[in-house]
Structure formats: structure tokens, C-alpha cells
*Asks:* 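The structure follows.
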There are 2 protein chains.
Amino acid sequence: MAAQKTKVTIFDVAKASGVSSSAVSYALNGKPGVSDTTRAKVLQVARELGWKPNGAAQSLAQAKTRRIGLVLGYDPQLLAVEPYMMSLISGLGAELEEKDYSLLVRMSMDSDDEDSIIEDWVATSNVDAMLLLNLEIGDPRIELMKQNPQMPVLAVADASLTAGLPTLASDDAAAVGLAVRHLYDLGHRNIARVAGPEELGHSYIRDAAFSEVTAELGVRYRCLHTDYTPAAGADATKRLLSVNPAPTAIIYDNDVMALAAEGVAAVGGVKVPQELSIMSWDDSFMCEAAHPGITALNRDIVESGRIAASLMLKLIDGEEVDVVEEPPYELRVRESTGPAPQRD
Amino acid sequence: MAAQKTKVTIFDVAKASGVSSSAVSYALNGKPGVSDTTRAKVLQVARELGWKPNGAAQSLAQAKTRRIGLVLGYDPQLLAVEPYMMSLISGLGAELEEKDYSLLVRMSMDSDDEDSIIEDWVATSNVDAMLLLNLEIGDPRIELMKQNPQMPVLAVADASLTAGLPTLASDDAAAVGLAVRHLYDLGHRNIARVAGPEELGHSYIRDAAFSEVTAELGVRYRCLHTDYTPAAGADATKRLLSVNPAPTAIIYDNDVMALAAEGVAAVGGVKVPQELSIMSWDDSFMCEAAHPGITALNRDIVESGRIAASLMLKLIDGEEVDVVEEPPYELRVRESTGPAPQRD
DNA sequence: TTGTATGCGTTATCAT
DNA sequence: ATGATAACGCATACAA
């Protein structure tokens with residue numbers, strides 16, 4: 001109860017309980033080697049003195065930090081507008097919290113920067129494990145982590161990008177199938193996609209899957225890459241609608257772009273979904289709040305975060321982790337998609 | 001270059017350079033007490049061996065962690081849908097990165113939980129400073145931090161809530177003035193507000209300011225509290241539009257609710273802004289992407305994060321910090337607000 | 001300038 | 001069962 005101003009160490013507890021420091025350590029860590037009576041006494045004294053083990057000392061002695069590392073690329077707009085990262089962090093945090101782990105977050109200004117932060121964390125043992133996100137094709141971080149096998153690492157990405165590293169994999173290709181099939185069943189034979197930056201690994205994966213699936217079904221397909229902003233999404237929409245024949249359905253890689261597209265359609269007098277169907281890749285409150293509601297590919301990102309955290313904890317415990325699948329995408333059909341318009 | 005499998009310590013570097021460990025320490029920390037030649041030699045050897053100081057050992061010896069603590073309340077929906085937290089983290093991270101600090105994040109399941117995490121961090125010296133967000137009226141965390149003056153803390157909240165703690169304060173009252181004045185000038189004399197949860201300190205502050213400003217101007221004012229979700233926003237909107245006389249303008253405490261309101265209006269055949277003006281408190285891509293674009297109170301949250309970080313670093317350096325003002329809100333006028341409709 | 005010795009607060013080993 | 005004592009890896013006061 002009494003809040004001590006000065007640091008209270010294990011020796012203080014030992015002195016106050018009339019035993020030695022090692023007895024205290026044993027007692028407080030629930031280890032054998034100490035009688036029940038002294039254990040009880042020590043525990044009580046420790047509580048009275050408000051003793052807690054110093055984190056740095058504990059880390060040093062046990063070579064464990066109880067921290068998991070996460071490096072975020074600095075792009076406030078992207079981070080803020082996409083619910084993805086915050087959802088993932090929520091899931092990670094919830095799971096880690098139960099195991100008394102924390103998340104160590106660092107912001108990198110560019111990818112060189114990111115590499116050096118990772119190197120630093122590895123070399124200084126600043127974290128017990130690391131999470132790798134937003135992998136690019138041939139990402140140098142993979143090689144970096146392979147050279148430091150003593151540091152557990154989990155990549156969240158398509159398994160084809162992670163070169164055998166423990167991976168939490170999303171089946172983006174399956175999601176592409178869901179989306180295209182939904183539109184195909186509605187009669188659409190000319191669809192377009194407004195994607196994110198080309199460098200991102202998942203853009204590449206989706207690109208390939210879209211090309212393949214649409215080719216199989218004999219559906220016309222076109223893709224425009226953007227920087228994920230609503231302005232870019234609106235612009236791409238205008239361009240797509242001005243070609244001939246214009247696509248009857250457009251899939252956007254995020255929800256703000258889909259929302260912006262609804263605006264473009266409204267201004268241009270294009271009726272959604274009667275004349276144009278609109279879909280969003282990631283689902284969020286925005287898709288629900290929009291009018292018309294936006295059909296979207298939904299996945300439980302919070303749950304992914306939880307899974308990622310539990311996998312990292314396994315890795316820390318020395319267990320093997322190969323490739324684990326994320327919860328699958330589900331199609332949330334709302335009002336923004338409908339039967340393809342009849343043309344010519 | 002050679003990646004060492006085994007831990008390389010300062011003694012290894014000392015041995016390899018033919019000097020003592022203290023010389024190594026001095027050399028690597030750029031401190032005087034060592035000749036330039038040995039310094040150069042040590043630096044080279046350290047680089048060759050891939051040496052980096054062990055974080056735990058450094059923390060223990062210096063009683064500094066180079067970490068800042070942040071406890072987030074677990075509400076994935078709220079966290080994800082509001083760009084606020086991720087924007088703030090971006091700003092914090094960017095500033096901390098420059099000073100080689102990291103952000104230690106923990107998720108709390110309820111407020112008791114949050115208190116105990118803070119107590120733990122304070123007792124174990126797990127962070128060099130803490131950031132307090134989302135304060136409630138008479139928040140217990142304030143008392144907690146006051147009892148542990150050795151741990152620097154910064155609160156981000158209205159100064160009236162922080163009881164003298166170092167504070168980064170937002171002038172929500174001024175923002176209320178901006179918003180109400182904008183609507184007043186457009187002729188609105190009956191406005192409503194759809195707010196967030198009543199418990200939040202900022203809800204309270206805004207409530208009071210709205211009541212005051214509208215009373216002063218002789219504007220009719222009503223407020224409904226919600227849980228911030230679009231469904232609740234839509235519901236509140238319907239209720240407000242069904243009373244007589246219905247408000248001619250509604251201000252929403254976040255942007256998804258404002259977006260949902262546009263949907264309600266569209267479905268109900270209520271023209272925005274001709275028959276109803278809509279405003280959002282926080283601005284985001286969503287307000288820009290919406291159709292019509294949503295007039296919003298905009299503030300630079302990323303910059304707030306940077307300021308918060310730099311203030312905490314000052315506190316860590318032992319400087320005094322009192323109350324610092326956030327960058328002010330600005331009104332971003334878009335298409336969702338217009339002249340009040342003429343009514344009897 | 002350089003090297004030795006000690007403190008930081010735990011955990012863990014080894015006698016007793 | 002208990003109590004000295006040695007790591008853990010770095011920083012630093014002090015001695016040489």
C-alpha cells in the first residue's frame with residue numbers, strides 16, 4: 001500500500017523478511033527450494049514493500065524481454081485510413097496481454113531505416129521475437145532474419161513471399177476467386193480493379209490471381225494502380241468509366257477508394273448498382289455506413305492479430321511453426337453490387 | 001559483416017582490440033578518456049565483430065529504457081474506425097524514432113486492468129515515461145501518477161481534466177465555437193449533436209461548450225449520446241429528424257456517423273445540404289471521399305503526436321512541462337453544409 | 001591515456 | 001531448506 005519513493009530491491013525484501021535474497025527470488029517465482037512458511041512471509045513482505053522485479057535486471061538475467069517487435073513504415077495517411085493496422089495491433093495486443101507480453105513499436109522513415117532497426121533489435125536483444133508485415137517481392141528483411149536464426153520471426157504475408165520463414169498466410173487468391181465469382185454470377189463480363197501500390201507483395205499476388213481467374217472465366221479485366229488515396233481512386237474511376245466498353249463492375253483495393261467511387265458515380269449520374277457495381281477489398285465500418293452500402297471482402301483482422309501473437313509466443317518457446325492460414329475472407333454482399341446492365 | 005552466432009560482448013571487443021573494457025565503453029559512447037588511435041581501433045573491431053550494446057544491460061546500468069509507454073483500451077472497433085489513434089501513434093513514432101526511442105504498447109481489457117499495467121510499468125521501470133489518453137472525469141490514473149512522481153507522465157486531454165499534470169491540451173471549446181459559428185452564419189437556429197459515449201472526458205467538455213455557445217447565440221440545441229458506431233449514428237439521425245421542429249443541422253462526433261447520416265438522409269429523401277446540413281467533428285479521408293463531401297473540424301493529429309513525444313522527452317530530461325496547446329482545429333468546409341432551409 | 005574494480009537488480013549455482 | 005556467490009553485459013569512479 002505504501003508507495004515507496006526509493007527503489008526497493010530484492011535485498012530490501014530479504015532483509016525485512018529475515019532471509020537471504022535467493023530465498024526471496026525462489027519464493028516470488030514460485031520455485032521449490034524454500035519452505036512454505038518462509039515463502040508466505042516473503043510474499044507478504046514483498047507486497048507490503050510494494051516490490052516488483054526490475055525489468056532490466058530480469059531481462060539481463062534471463063535473456064528474455066517479454067517484448068515483441070513491430071516496425072511500421074511511416075505513412076500516416078495510409079496507416080490511419082486503413083483500419084488494418086490498428087485492427088491487427090488490437091488482436092496482437094489482446095493476446096500478448098494475456099501472456100504478460102508487450103508490443104515494442106518503432107516507426108521507420110524508409111526501408112533502409114527499417115532494416116537497420118531490425119538489425120539493431122536483433123543485435124541488442126531488444127525483443128524476443130519480431131513480426132514482419134507488408135513484405136515486398138524479394139524483401140531484404142527475409143535474408144536478414146535468416147542470418148539471425150536465434151531471433152524468432154513471423155511473417156504475415158502470402159507464403160510465396162516468405163521463403164520458408166514461419167508465416168501467417170492469407171489466401172488472397174481465394175478471395176479473388178470469391179469476388180470475381182460473385183460478379184460473374186451477376187452477369188458481369190467486363191470488370192476492372194483499382195489497386196494499391198504495385199511494389200507491395202499483396203498487390204502482386206492479387207494481380208496474378210485476378211488475371212488468372214478472369215482469364216479462366218473469359219471475363220475482360222483491367223487494372224489500375226494507385227497510391228490508395230480517395231483522390232487517386234476517384235481519378236482511376238473516371239478513367240475507367242470513360243473507356244469503351246467501360247467495365248460494369250470495379251473492385252477497389254481499399255474502402256476509401258470505393259467510397260470515393262460512389263461519389264464519382266453519383267456526380268456523373270451513373271447509378272450504383274444498376275449501371276455500375278462497386279466492391280471493396282477490405283471491409284470496415286465505412287462500407288456499412290456508405291450509401292449504398294459497399295459489398296466487400298471481409299476478414300477478421302483482429303483474430304489474425306491474435307493468431308500472429310500466439311504463433312510468436314510458440315516460436316519463443318522453441319516450437320516449430322511453418323505456414324498457418326489466416327481466417328478466410330468472406331463476402332459481405334451489400335447494395336453496391338447488382339446484376340450487370342444489358343449492353344448492345 | 002560476419003554475423004556472429006554467439007553473443008559478442010564488450011569484453012570480446014576489448015580482447016580483440018588489445019585494450020580494456022572501459023576503453024571500449026568510452027570509445028563506443030564517444031566519451032573522452034581514450035586516445036584517438038585506440039578509439040579508431042576499437043570502433044573498427046566492434047564493427048568487424050558486429051558488436052552492439054545489449055539493451056537490458058544498458059538499461060540496468062543507466063536506469064534508462066529508451067521506451068515510452070502507451071496503454072490502449074481494448075476496443076478494436078473504436079480503435080480501427082477512428083483514424084485518431086493510428087495518426088497519433090504515427091506522430092509519436094516519427095518523433096521518437098529520431099531520438100532512438102521506442103513505443104511500448106499494451107492493450108488493457110478494462111480500466112482496472114489499465115491501472116495495474118501502469119502500476120506495473122512504474123514499479124518495474126519498464127518505460128522512461130508514460131502517455132495518458134482518453135481521460136475520464138476524476139480518472140484514477142491521475143492520482144496514480146501523482147503518487148509516483150519519479151515517472152514522467154504526459155496527459156493528452158483538456159487541461160481541466162489533468163489536475164496539474166503535464167498536459168498536451170486541445171481546445172475543444174474553441175472548436176465548438178468554430179462549428180456553431182459556421183452553422184449560425186449559414187442561418188441555422190436549431191442544431192443537434194450526435195456525440196460519443198458520455199463517460200469520455202472530451203464528450204463532457206464538448207457538451208458543456210455546446211450548451212454554452214448555443215445559449216449565447218440563442219440557438220436551439222439538443223444532444224444524443226451513442227457508442228460511435230454508424231448504426232447508432234444512423235439511428236440517432238432518424239430520431240432527430242422525426243421530432244418537430246427537426247434540427248436543420250447536425251454535428252457528429254466522428255466521421256463514420258456523419259457518413260451514415262448522409263445515407264439516412266439519402267434514403268429518406270432529405271437533401272444534403274439543402275434540407276439538412278451535416279458536420280463531422282474529426283476529419284479524415286472519409287469526409288473527403290464521401291458524397292457530398294463532409295464539412296469537418298480538422299486538426300493535425302500526427303503533429304500532436306510529435307509534440308507529445310517531444311514533451312515526454314523533455315520530461316525525461318528533467319525539464320518542466322506545464323500545459324501546452326495542441327495545434328488548433330480548423331474548419332474544412334465541404335458540400336455537406338449550406339444555408340439553413342427557410343421554415344415558417 | 002589506460003586498466004581495475006564495483007554497481008545496477010535479478011536469477012541461478014553451489015556449498016552448507 | 002537456506003545463504004553466500006557468481007553470472008548477465010554495460011557504465012563509470014577510481015587507481016595506476
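Fair warning: this is a prediction, and the values are worked out from it, not measured in the lab. Quick note on labels: first sequence line is chain A, next is B, and so on, each numbered from 1. Computed over heavy atoms, backbone and side chain alike; hydrogens, waters and symmetry mates excluded.
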*Asks:* Counting only side-chain heavy atoms from C-beta out, which of D:dT2, C:dT10, D:dA11 sits nearest to A:Ala57?
*Replies:* C:dT10

*Asks:* Kindly indicate whether the side chain of A:Ser59, heavy atoms from C-beta on, has any atom under 4.5 Å from the side chain of A:Arg67.
*Replies:* yes

*Asks:* D:dC10 C1' sits how many Å from B:Asp12 CG, rounded?
*Replies:*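 These atoms are roughly 13 Å apart.
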
*Asks:* Write down the distance between CD1 (B:Ile10) and C1' (D:dC10), rounded to a whole number of angstrom.
*Replies:*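 My rounded result for the distance is 6 Å.
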
*Asks:* Would you work out how much the helix from C:dT1-D:dA16 to C:dT16-D:dA1 bends between its ends, with each end axis defined by five base pairs, to 10 degrees?
*Replies:* 50°

*Asks:* Under 4.0 angstrom, heavy atoms only, what part of the nucleic acid is B:Ser59 near: base, sugar-phosphate, or nothing?
*Replies:*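 No contact.
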
*Asks:* Would you check if A:Val24 and A:Trp51 make a side-chain contact, meaning some heavy-atom pair closer than 4.5 Å?
*Replies:*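 The answer is no; the side chains never approach within 4.5 Å.
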
*Asks:* For A:Leu49 and C:dG9, give me the distance from atom CG to atom C1', rounded to whole Å.
*Replies:* 15 Å

*Asks:* If I take atom NZ in residue A:Lys15 and atom P in nucleotide C:dG9, what distance separates them, rounded to the nearest angstrom?
*Replies:*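 Rounding to the nearest Å, NZ of A:Lys15 and P of C:dG9 are 13 Å apart.
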
*Asks:* Minimum heavy-atom separation for B:Thr167 and B:Ala159, please, with both atom names.
*Replies:*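 Minimum heavy-atom separation between B:Thr167 and B:Ala159: CG2-CA, 4.2 Å.
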
*Asks:* Taking C-beta and beyond as the side chain, do B:Tyr84 and B:Asn134 meet within less than 4.5 Å on heavy atoms?
*Replies:*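 No, side chains not in contact.
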
*Asks:* Got a second to check how far A:Leu49's CG is from A:Ile10's CD1, nearest 0.5 Å?
*Replies:*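 The distance works out to 12.0 Å.
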
*Asks:* Under the rule for side-chain hydrogen bond (donor to acceptor under 3.5 Å, both in side chains), what residues qualify as partners of A:Glu143, not counting sequence neighbours?
*Replies:* none

*Asks:* Are the side chains of A:Val19 and A:Lys41 in contact, using a 4.5 Å heavy-atom criterion?
*Replies:*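 With C-beta onward as the side chain, the pair stays apart.
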
*Asks:* Under 3.5 Å, side-chain donor or acceptor atoms of residues 307-326 of chain B against the rest of the protein: list the pairs with distances, not counting sequence neighbours.
*Replies:*
from     : atom 1 : to       : atom 2 : distance (Å)
B:Ser310 : OG     : B:Ile307 : O      : 2.9
B:Glu326 : OE1    : B:Arg299 : NH1    : 3.3
B:Glu326 : OE2    : B:Ser304 : OG     : 3.4

*Asks:* Report the distance from atom CG of A:Leu60 to atom P of C:dG7, rounded to the nearest whole Å.
*Replies:*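 Whole-Å distance recorded here is 16 Å.
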
*Asks:* Roughly how many Å is it from CG in A:Asp36 to C1' in D:dA1, rounded to a whole number?
*Replies:*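 Computing the A:Asp36:CG to D:dA1:C1' distance gives 11 Å.
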
*Asks:* Can you tell me how far C1' of D:dC8 sits from CD of A:Gln58, to the nearest Å?
*Replies:* 13 Å

*Asks:* Please work out if A:Lys52 contacts a base, only the sugar-phosphate, or nothing of the nucleic acid, heavy-atom cut-off 4.0 Å.
*Replies:* sugar-phosphate

*Asks:* Rounded to the nearest 0.5 Å, how far does OG of B:Ser17 lie from CD of B:Glu48?
*Replies:* 9.0 Å

*Asks:* OP1 or OP2 of C:dT1 less than 4.0 angstrom from a side-chain nitrogen or oxygen of B:Thr38, does that happen here?
*Replies:* no

*Asks:* Among D:dC10, C:dG9, D:dG3, find the nucleotide with the atom closest to the side chain of A:Ser20.
*Replies:*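 Between D:dC10, C:dG9, D:dG3, the one nearest the side chain of A:Ser20 would be D:dG3.
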
*Asks:* Nearest 0.5 Å please: distance from the CG atom of A:Leu72 over to the CD atom of B:Glu97.
*Replies:* 11.0 Å

*Asks:* Could you check how far CH2 of A:Trp51 sits from C1' of C:dG9, rounded to whole Å?
*Replies:* 9 Å

*Asks:* Identify the pairs formed between an N or O of the protein and an N or O of nucleotides 5-7 of chain D at a distance under 3.5 Å, and give each distance.
*Replies:*
none

*Asks:* Scan the side chains in residues 116-123 of chain B for donor-acceptor partners under 3.5 Å anywhere in the protein, sequence neighbours excluded, and list what turns up.
*Replies:*
from     : atom 1 : to       : atom 2 : distance (Å)
B:Ser116 : OG     : B:Asp113 : O      : 2.9
B:Asp120 : OD1    : A:Lys52  : NZ     : 3.1

*Asks:* Within the structure provided, determine whether B:Val127 and B:Ile68 are in side-chain contact (heavy-atom separation under 4.5 Å).
*Replies:* no

*Asks:* In residues 23-32 of chain B, what residues come within less than 4.0 Å of DNA chain D, judged by heavy atoms?
*Replies:*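 Nucleic-acid contacts, sorted: B:Ser25, B:Tyr26, B:Asn29, B:Lys31.
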
